[in-house]
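Data first, discussion second: the structure below is written as structure tokens.
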Amino acid sequence: MSYPSGTLCVMDFVIRRATAEEYDTLGEITAQAYLRDGLLDFGESDSYLDELRDVAKRAAAAEVLVAVADGAVLGGVTFVPSGGPMADIARPGEAEIRMLAVAREARGRGAGEALVRACADRARAVPGCTGVVLSTQAAMRTAHRLYERLGFVRTPDRDWNPLPELDDIMLLTYELTL
């Protein structure tokens with residue numbers, strides 16, 4: 001089988017850019033992953049839900065990748081190649097990974113790992129890119145194990161609070177040196 005350029009076939013799914021027809025599905029997968037995993041401080045009323053659902057906005061400012069099997073979206077991630085409005089912590093020469101999410105029923109198939117690997121591969125193709133960074137919540141322990149297995153290391157000096165008005169929110173950071 002032949003796949004378009006920039007497409008990666010892994011196991012029983014494909015990693016590629018999201019299409020506009022998939023934005024709503026991926027937005028809901030991302031929102032539900034954060035909600036069901038208890039990652040939103042304000043639950044259903046958390047304003048971040050709007051950001052998680054707005055894949056079109058992300059796709060206009062960065063590259064949104066999806067894992068797809070048999071025509072169904074399993075999950076996705078936002079890859080920010082170098083700065084721009086979607087970057088939270090990237091410095092010059094760094095790419096950033098944002099909003100990695102896999103549908104609950106698709107977990108354990110390797111889609112999350114394949115999405116992170118695809119971001120690292122894309123970063124290696126960006127001229128002058130020396131690393132990939134990401135932010136994660138302390139409760140995302142499964143994700144931490146994934147990042148560490150793939151060579152990411154904790155960078156506690158870069159940990160940050162996205163809502164400084166709330167003292168109890170701190171995002172942990174990781175970096176992969178390319």
Side-chain angles (χ1 to χ4, degrees), residues 3-18 26 29-30 33-34 37 39 48 51-52 55 57-69 73-104 106-163 169-178:
Y3 295 102
S5 177
T7 302
L8 174 65
C9 182
V10 182
M11 299 172 129
D12 64 340
F13 51 87
V14 173
I15 305 295
R16 60 166 171 72
R17 271 187 190 257
L26 179 57
I29 286 170
T30 308
Y34 277 67
D37 290 348
L39 302 172
Y48 195 53
E51 291 295 315
L52 295 171
V55 177
K57 178 181 173 185
R58 294 198 296 277
E63 185 176 359
V64 177
L65 304 176
V66 287
V68 179
V73 175
L74 306 178
V77 67
T78 300
F79 173 70
V80 185
S82 57
M86 286 301 301
D88 279 332
I89 62 167
R91 296 174 180 156
E94 293 177 332
E96 188 165 342
I97 296 173
R98 302 270 324 269
M99 299 177 189
L100 173 66
V102 175
R104 185 168 292 242
R107 292 181 182 175
R109 294 174 62 179
E113 179 174 341
L115 287 161
V116 174
R117 285 183 184 278
C119 289
D121 289 346
R122 279 170 164 68
R124 286 183 183 93
V126 174
C129 188
T130 60
V132 181
V133 296
L134 60 86
S135 301
T136 183
Q137 294 181 17
M140 296 176 166
R141 290 182 187 87
T142 301
H144 302 168
R145 287 189 298 274
L146 166 65
Y147 303 141
E148 291 165 6
R149 188 171 68 248
L150 295 178
F152 284 79
V153 295
R154 277 278 290 121
T155 51
D157 58 310
R158 293 176 77 168
D159 291 354
W160 65 290
N161 181 340
L163 298 170
I169 297 176
M170 183 60 66
L171 296 180
L172 310 180
T173 59
Y174 281 81
E175 176 181 17
L176 174 67
T177 301
L178 301 178

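All residue numbers in this chain count up from 1 along the given sequence.
The side-chain heavy atoms of W160 and D88, taken from C-beta on, include a pair separated by under 4.5 Å. Side-chain contact between E63 and R17: present, with at least one pair of heavy atoms (C-beta onward) separated by less than 4.5 Å. Counting heavy atoms from C-beta on, the side chains of P156 and L172 never come closer than 4.5 Å.
Using a distance-only test at 3.5 Å, with no hydrogens or angles considered, no donor-acceptor pair links the side chain of S135 to the main chain of L171. For the pair D159 (side chain) and T173 (backbone), a donor-acceptor distance under 3.5 Å is present. Side chain of R16 to backbone of V66: no donor-acceptor contact under 3.5 angstrom is found.
With rounding to the nearest 0.5 angstrom, the CD atom of Q137 is 4.5 Å from the CG atom of L39. Considering OH of Y34 and CE of M140, their distance stands at 4.0 Å, rounded to 0.5 Å. Atom CG of L134 and atom CZ of F152 lie 5.0 Å apart (nearest 0.5 Å). In this structure, CZ on F13 lies 7.5 Å from CG on L115, to the nearest 0.5 angstrom. Here the OG-CZ distance, from S82 to R91, works out to 16.0 Å after rounding to the nearest 0.5 Å. Taken to the nearest 0.5 Å, the CG atom of L150 stands 5.0 Å off from the CD atom of E113.
Ionic pairing of D37 and R107 is present here: one or more N-O contacts between side-chain nitrogen and carboxylate oxygen are shorter than 4.0 angstrom. Salt-bridge annotation for E94 and R158: present, with a side-chain N of the basic residue lying under 4.0 Å from a carboxylate O of the acidic one. A salt bridge does not link R154 with E148: none of the charged nitrogens is closer than 4.0 Å to a carboxylate oxygen. We find that R58 and E51 are not joined by a salt bridge, their nearest charged nitrogen and carboxylate oxygen being 4.0 Å or further apart.
Counting all heavy atoms, side chain and backbone alike, T78 lies closest to A62 at CG2-CB, 3.7 Å. Considering all non-hydrogen atoms of both residues, A69 and L74 come closest at CB-CD1, 3.9 Å. For the pair I15 and A67, the tightest heavy-atom approach, listed with the atom from each and the gap, is CD1-CB, 3.5 Å. When all heavy atoms are compared, the tightest approach of C129 to A123 is CB-O, 3.3 Å. Minimum interatomic distance between L65 and L26 (heavy atoms only, all atoms of both residues): O-CD2, 4.4 Å. Scanning all heavy atoms of the two residues, the minimum distance from A95 to F79 falls at CB-CE1, 3.6 Å.
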Apply side chain to side chain contact (heavy atoms under 4.5 Å, CB included) to the pair I97 and V116, showing each step before the final yes or no.
CA-CA 8 Å; I97 296 173; V116 174; 4.2 Å; yes

From CA spacing to verdict: side chain to side chain contact (heavy atoms under 4.5 Å, CB included), Y147, V153
CA-CA 8 Å; Y147 303 141; V153 295; over 6 Å; no

Decide yes or no on side chain to side chain contact (heavy atoms under 4.5 Å, CB included) for E96 and M86, but give the supporting numbers first.
CA-CA 9 Å; E96 188 165 342; M86 286 301 301; over 6 Å; no

H144 and Y174: CA distance, side-chain angles, deciding distance, ring pair (Phe, Tyr, Trp, His ring centres under 6.0 Å) verdict
CA-CA 9 Å; H144 302 168; Y174 281 81; 5.7 Å; yes

Intermediate values then yes/no, side chain to side chain contact (heavy atoms under 4.5 Å, CB included), Y48 and M99:
CA-CA 11 Å; Y48 195 53; M99 299 177 189; 3.3 Å; yes

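For the side chain to side chain contact (heavy atoms under 4.5 Å, CB included) criterion with V133, the lone passing option out of I89, L176, V80 is I89.
Annotation for R141: atom CZ does not count as buried by contact number, only 12 or fewer foreign heavy atoms lying within 6.0 Å.
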